[in-house]
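Start at 1 and go down the list; that is how both ligands and their atoms are numbered. The chain is numbered in sequence order, starting from 1.
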Amino acid sequence: MVPSIPQLMTIERHILEQQHRHPEATGALTGLLYDIALAAKLISKETTRAGIANVLGATDSANVHGEVQQKLDVYADSVIFRMNDHTGRVCVMASEEHDDLLHIPEHHSSSGHYVLIYDPLDGSSNIDVNVSIGTIFAIHRKVSPGERGTLEDVLQSGDRLVAAAYVIYGSSTMLVYSTGQGVHGFTLDPSVGEFLLSHPDIRIPSPGRYYSVNQGYEKYWTPGVRRYVKWLQGLDDEGREPLAGRYIGSLVADFHRNLLRGGIFLYPGDMKRPEGKLRLTYEAQPLAFIAAQAGGYASDGVGDILALQPTDLHQRVPLFIGNRDLVEKAEWFLKTYDQDYLATYMPHRTTATAV
Ligand code: P6P
């Protein structure tokens, strides 16, 4: 009796099948996604052996935000750039670890049609305590004239994204991606070095089960956020069951759990950091794209993250992301109780209407 071999779908085959649905596709995006998967395998190998390979720990350098770089940060950033700087698929890149654009080296073709923006290792401060960390990718089409990519190509709104992906390095390594045809999760089988389809067509379950926020900042919260969290905890209505609190302090890990189980992650603006902490172009936008493709929604507290036009590569944005009903409820609380905060810190958004 031949043992039944499960229908194995590698990420490469899955990406190719998605390409075949677009006769006009040249295969460049497929190649770019292949390269992202390979970079994820290389980074995964290092994260799982960080403790013994002396890759653990901080370097003596800080990144553009003054954050001490962990050695794995530097490694992940370098792997992603070098995986894509010579393929001719990408015209420019941008990374959380670099202040300025990452141009394609002169001796390589910079006439690629795609733009790759990435956070090479989000949550890297958790490396030394063995908490799950992640990589986040955003892919735009080139829109500027001329061969070389420019800032215009990077500063595009999230609703123009071509694809987005994240990798979570946890008890297993998973790559979750979308090219606008649903959200699909692959688990790395390190014994064969393949990402195998484990979570086809991910849809965020409803009702949401979890809420994720750093409760330690409650003293700085706006009235609307304070009331919203009490609502999530069922404290404003004895009859309603609370959501369970879960906060890992690693965006990709918190987002991934809520995507698979249902819930909301919020990193709001507060009286100490009115613009919040998370970055629009390489954190909020790609995860908002994935959330929307899975039936969820992401907001800055006023309206759709995907509708925001970035003005700076590293600009921060408040983030509420997860089940649409939970995010829209947050928008209601801010609209109802945080008019002063919105008028002071988000005047450009107070005219926006929540989607
Ligand atoms: P806080 C990690 O440093 C990170 O950028 C995200 O991964 C995470 O969601 C957030 O910051 C945690 O920030 O202020 O709660 O420690």
How about H256 and Y166: are their ring centroids closer than 6.0 Å?
yes

Identify, by atom number and element, the atoms of ligand 1 in contact range of N214, meaning under 4.0 Å from any of its heavy atoms.
1 (P), 15 (O)

With atoms numbered from 1 as shown, which atoms in ligand 1 lie under 4.0 angstrom from a non-hydrogen atom of Y247?
1 (P), 12 (C), 13 (O), 15 (O)

Scan side-chain atoms only and decide if D304 and S299 contain a donor-acceptor pair under the 3.5 Å cut-off.
no

Salt bridge (Lys or Arg N to Asp or Glu O under 4.0 Å) between R279 and E283, intermediate numbers included:
CA-CA 5 Å; R279 312 291 181 163; E283 290 174 334; 5.2 Å; no

Below 30° counts as parallel, above 60° as perpendicular, anything between as tilted: where do the rings of F186 and H14 land?
perpendicular

What protein heavy atom is closest to atom 10 (C) of ligand 1, reported as residue, atom name and distance in Å?
K277 NZ, 3.9 Å

Could you check atom 5 (O) of ligand 1 against the protein and tell me its nearest heavy-atom contact, residue, atom and distance included?
D122 OD1, 3.6 Å

Y267, any N or O under 3.5 Å of ligand 1 N or O
yes

Taking both backbone and side-chain atoms of V252, is any N or O found less than 3.5 Å from an N or O belonging to ligand 1?
no

Looking at R160, I want to see if its CZ is surrounded by more than 12 non-hydrogen atoms of other residues, nucleotides or ligands under 6.0 Å.
no

Under 4.0 Å from ligand 1, counting heavy atoms only, is it the side chain of F255, its backbone, both or neither?
neither

